There are 2 protein chains.
Amino acid sequence: MRSDARANRDRVLAAAEEVFGESGNAGSTEEVARRAGVGIGTVFRHFPTKRALIKATIVRHLTLLAETARARGEGGEAGAAFRETFREMVSGAPAKLALVALLEEPADSTGSADEVEAAATMVRQAVEELLSRGQQAGEVRADATVDEVYLLIRALANARGDRTVVDRAVDIVLDGLSPRRSE
Amino acid sequence: MRSDARANRDRVLAAAEEVFGESGNAGSTEEVARRAGVGIGTVFRHFPTKRALIKATIVRHLTLLAETARARGEGGEAGAAFRETFREMVSGAPAKLALVALLEEPADSTGSADEVEAAATMVRQAVEELLSRGQQAGEVRADATVDEVYLLIRALANARGDRTVVDRAVDIVLDGLSPRRSE
DNA sequence: TATTATTCGGAGTGAAGACTCCGCTTAGAA
DNA sequence: TTCTAAGCGGAGTCTTCACTCCGAATAATA
């Protein structure tokens, strides 16, 4: 791959994250091209379809998220690690709408096994890991499952609102995820 | 207004709630017309713009929500009323994506004071009422504000997922909203 | 530096969808 | 039953995009 090609590919991906992060699926390919400083043709050579571009963007982001989460899992304090990751995923700003877009897409009619799904699974697994460690350490309520935690993260990540309000809402949810009185 | 006109208006609104409930902003006016069993022309006579149609749909729904919530507020048990309303708003199925659409719209460039905003305010006030009663009864944590509660409702209402998972997630959040140990 | 395979750019194409227009239909009054 | 103002339907227009195509530009190699 020629060096200019690779550079352009990267710039397009970065621009795509910006644009789809702001406007979701409604963002146009032309806008992505403009922000990347390339022609539309270039965008479409690297990503044959708008959908492919969005997918690549999402995969890139999810992969990053999963890695960060996994790394944090290594550290000492299980409860703190869980909570920090939770907070981080919720406020990983530009990702928000991209994730919405992901959820909106109608379950990929091209039966092909999906990269996006694979990446999402990795994130989910990382969350699961953090969750169960937190539970073992007695710092997270024992009856919470990944499904619920993952859903809460997604829900909060897509919520619009003042940063401070979101933060306090997260605090409330994390309180709900703390061990029950009976435990 | 002629009787057939009124009937058609109602059918269009109902169809719109269905369509936008399923597909959000992406739902087409043509689809709404088809489901309502009328021509596109009819839709556009009643609602001069797609945006106007969506707004009318949302207003209709929000008004209903606010009324239900207010009615529930009358009842006896403050804590239960708060929690029931919370649950109900989250799972008021077809509303979900319509609300998303509302949030997505770029702050109404037509400076005109907004019906939608007015309706949303009513819902918010109903929630506020329920919240503060719950707090006075000592059944809801004292430091929670409407902002946070309202955001949590919106976030959960838009969350995709199995009904049962959503329900459990709501349980967790409501636990987070229960009085703190220190109170 | 010369060569060429690769990549770039952006005008052009086709499809989708919001919105308009106007001849036809009909509710409802006389 | 007749009349007509109000309402209906849907073909057609216009705009916005996703995506294609190919001549111009250029990285990499000899």
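Predicted, not measured: the structure shown is a model, and the values here were computed from it. Sequence lines set the chain letters: A, B, ... in the order given, protein chains first and strands last, and positions in each chain run from 1.
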Its contact letters, B for base, S for sugar-phosphate only and - for none at protein heavy atoms under 4.0 Å, make nucleotides 9-14 of chain D read BB----
Spell out, as yes or no, whether a donor-acceptor pair under 3.5 Å connects the side chain of A:Glu148 to the backbone of A:Thr145.
->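 Yes, the answer is positive, given that a donor and an acceptor are paired below the 3.5 Å cut-off.
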Taking the side chain as C-beta and beyond, is there a heavy-atom pair between B:Ile54 and B:Val116 under 4.5 Å?
->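 Sidechains of B:Val116 and B:Ile54: no contact.
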pair A:Phe86-A:Leu130: side-chain heavy atoms closer than 4.5 Å =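 They are not in contact (no side-chain heavy atoms under 4.5 Å apart), so the answer is no.
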Residues sharing B:Met122's hydrophobic cluster, by side-chain heavy-atom contacts under 4.5 Å among ILVMFWY, directly or via others?
->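 Result for B:Met122 is none, singleton.
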[X] [atom1] to [N] [atom2]: how many Å, rounded?
| X | N | atom1 | atom2 | answer |
| --- | --- | --- | --- | --- |
| A:Phe20 | D:dC17 | CZ | P | 12 Å |
| B:Lys50 | D:dT16 | NZ | C1' | 13 Å |
| A:Arg51 | D:dC19 | CZ | P | 10 Å |
| B:Ile54 | C:dG17 | CD1 | P | 14 Å |
| B:Asn25 | C:dG17 | CG | C1' | 13 Å |
| B:Phe47 | D:dG7 | CZ | C1' | 15 Å |

Side chain to side chain contact (heavy atoms under 4.5 Å, CB included) with A:Arg163: which of A:Val166, A:Val165, A:Asp167?
->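 The passing option is A:Asp167.
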Step-by-step side chain to side chain contact (heavy atoms under 4.5 Å, CB included) determination, A:Asp114 to A:Lys55 | CA-CA 9 Å; A:Asp114 214 47; A:Lys55 278 194 182 179; 2.8 Å; yes
Are B:Arg34 and B:Glu30 within salt-bridge range, i.e. N to O under 4.0 Å?
->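 Not counted as a salt bridge, because no side-chain N and carboxylate O are separated by less than 4.0 Å.
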Does the distance from a Lys or Arg side-chain N to an Asp or Glu carboxylate O, for A:Arg124 and A:Glu128, drop under 4.0 Å?
->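 Result for this pair is no, no salt bridge flagged.
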Residue pairs passing the salt bridge (Lys or Arg N to Asp or Glu O under 4.0 Å) test where at least one lies in residues 58-70 of chain B, sequence neighbours excluded =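 Sorted pair list: B:Glu17-B:Arg60.
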Should A:Val12 and A:Phe44 be counted in the same cluster of Ile, Leu, Val, Met, Phe, Trp and Tyr side chains packed under 4.5 Å apart?
->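 No, A:Val12 does not connect to A:Phe44 through the hydrophobic network.
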For residues 171-178 of chain A, run the donor-acceptor check on the side chains, cut-off 3.5 Å, and write out each pair with its distance to 0.1 Å, sequence neighbours left out.
residue  : atom : partner  : partner atom : Å
A:Asp171 : OD1  : A:Arg87  : NH1          : 2.7
A:Asp175 : OD2  : B:Arg141 : NH1          : 2.8
A:Asp175 : OD2  : B:Arg141 : NH2          : 3.2
A:Asp175 : OD2  : B:Arg180 : NH1          : 3.3
A:Ser178 : OG   : A:Asp175 : O            : 2.5

Pairwise N/O distances under 3.5 Å, protein to nucleotides 28-30 of chain C:
residue : atom : partner : partner atom : Å
C:dG28  : OP1  : B:Ser3  : N            : 3.2
C:dG28  : OP1  : B:Ser3  : OG           : 3.1
C:dG28  : OP2  : B:Ser3  : OG           : 3.4

Side-chain N or O of A:His46 closer than 4.0 Å to phosphate OP1/OP2 of C:dT7 |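 For C:dT7, neither OP1 nor OP2 has a side-chain N or O of A:His46 closer than 4.0 Å.
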Enumerate the residues from residues 28-36 of chain B whose closest heavy atom to DNA chain C is under 4.0 Å, giving them by residue number; use none for an empty result.
->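 Listed by number, they are B:Ser28, B:Thr29.
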